Amino acid sequence: MAEERVRAGAAVRERAGAAVRIGEGLRAYGLIAAMWVRSTLAYRTSFLLTALGHFAATGLDFLAILLMFSHITVLGGFTLPEVAFLYGTSNAALGLADLALGSMDRLGSRVRDGTMDVLLVRPVPVFAQVAADRFALRRLGRITQAALVLGWSVTQVEVDWTPGKVLLVPLMLLSGTVIFGAVFTLGAAFQFVAQDAAEVQNSFTYGGSTLLQYPPAVFAKDLVRGVTFVVPLAFVNWLPALRLLGRDDPLGLPGWVDFCGPAVAALMCVLAWLAWRTGLRNYRSTGS
């Protein structure tokens with residue numbers, strides 16, 4: 001009995017310590033991000049121009065979709081408002097993850113030039129420092145553009161909006177943001193080993209978002225299987241959108257799979273945390 005009480009007390013202390021570390025990390029992230037926001041807003045005209053640039057650059061993707069639909073009426077069984085819904089959900093989720101963790105792709109350059117060592121000696125969680133480094137408020141341009149397209153699509157799609165379906169939309173965005181954030185973290189962890197892997201990470205984040213803008217029926221089934229079971233980006237918007245819009249799943253998966261986005265996001269977070277911890281523990285500096 002005494003040993004059980006000791007183990008239970010140790011478990012409680014470990015959980016409390018983990019909660020404290022998470023709280024410290026969030027506080028540090030907020031302070032670093034706020035510092036970069038103040039720096040950005042010191043030149044407000046520059047900030048507005050760069051944010052508008054992001055807005056316009058991401059808007060070109062949707063312009064391409066509009067030009068496509070000027071010659072067709074349906075793409076892969078989806079109408080323009082339905083494709084706009086896919087576009088809005090995938091880009092909004094990526095934009096939120098990019099705003100929070102987009103600086104993770106710079107970790108490889110820090111490993112190469114040795115500045116990663118500086119982060120290790122500071123009394124602040126390394127993850128918070130890497131994630132908040134050069135926090136780019138201009139990325140709000142992408143989020144704003146995606147939100148406008150999403151808002152328009154929601155008013156145009158032919159959906160019988162019940163409370164459950166209305167709740168599914170913000171749940172998609174939250175789960176999608178977490179999934180993309182986990183992919184950013186996994187890519188950063190990989191850069192502990194391969195310092196020049198930023199473009200590999202971008203192929204799964206920005207490239208994955210571009211893929212999710214279009215209906216799954218226009219892609220080969222092997223590719224759809226890959227983004228469902230290997231890198232589960234399909235849970236960002238494809239699967240829940242198929243349920244919401246009343247479309248058939250090209251893989252013929254059970255209907256309950258469409259609601260697994262939160263569970264997949266949680267699993268991705270665990271994998272990302274394990275990969276990050278492993279990469280950080282095996283980091284041996286740049287040498288000489």
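Everything numeric here is computed off the predicted structure, so don't read it as measured data.
Shown here is Lys165, whose NZ atom has more than 12 heavy atoms of other residues, nucleotides or ligands within 6.0 Å. At most 12 non-hydrogen atoms from other residues, nucleotides or ligands lie less than 6.0 angstrom from CZ of Phe190.
Checked by atom type and distance alone, the side chain of Tyr29 pairs as donor or acceptor with a backbone atom of Ala100 at under 3.5 Å. Checked by atom type and distance alone, the side chain of Gln129 pairs as donor or acceptor with a backbone atom of Val124 at under 3.5 Å. No donor-acceptor pair under 3.5 Å is formed between the side chain of Gln156 and the backbone N or O of Pro81. Between the Gln201 side chain and the Ala188 main chain, a donor and an acceptor come within less than 3.5 Å of each other. No donor-acceptor pair closer than 3.5 Å links the side chain of Ser209 to the backbone N or O of Tyr206.
Looking at every heavy atom in both residues, Pro125 comes nearest to Gly25 through CG-CA, 3.7 Å. Scanning both residues, Ala234 and Pro240, for their nearest heavy atoms gives O-CD, 4.1 Å.
Using a 4.5 Å heavy-atom threshold, the side chains of Arg142 and Gln145 count as separate. Looking only at side-chain heavy atoms (C-beta outward), Trp238 and Leu233 stay at 4.5 Å or farther from each other. No side-chain heavy atom of Phe78 sits less than 4.5 Å from a side-chain heavy atom of Phe85. Using a 4.5 Å heavy-atom threshold, the side chains of Asp133 and Arg110 count as touching. Side chains of Thr79 and Thr73 form no contact here, defined as non-hydrogen atoms less than 4.5 Å apart. Two residues are said to be in side-chain contact when any heavy atoms from C-beta on lie closer than 4.5 Å; Pro250 and Leu242 meet this criterion. At a threshold of 4.5 Å between non-hydrogen side-chain atoms, the residues Thr228 and Leu251 count as touching. Residues Thr278 and Phe192 form no side-chain contact, since every pair of their non-hydrogen atoms from C-beta on lies 4.5 Å or further apart.
Residues passing the salt bridge (Lys or Arg N to Asp or Glu O under 4.0 Å) test with Asp248, sequence neighbours excluded: none.
Pairs of residues two or more places apart, or lying in two chains, that qualify as side-chain hydrogen bond (donor to acceptor under 3.5 Å, both in side chains) and include a residue from residues 250-273 are Arg243-Asp258.
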Evaluation steps, side-chain contact (heavy atoms from CB on, under 4.5 Å), between Val178 and Cys269: CA-CA 7 Å; Val178 174; Cys269 282; 3.2 Å; yes
Contacts table for residues 40-56: side-chain donor-acceptor under 3.5 angstrom, sequence neighbours left out:
| unit_1 | atom_1 | unit_2 | atom_2 | d |
| --- | --- | --- | --- | --- |
| Thr40 | OG1 | Trp36 | O | 2.9 |
| Arg44 | NE | Leu41 | O | 3.4 |
| Thr50 | OG1 | Ser46 | O | 3.0 |
| Thr50 | OG1 | Phe47 | O | 2.9 |
| His54 | NE2 | Arg138 | NE | 3.4 |

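Asn237 and Tyr87 share no donor-acceptor pair across their side chains, judged by distance under 3.5 Å alone.
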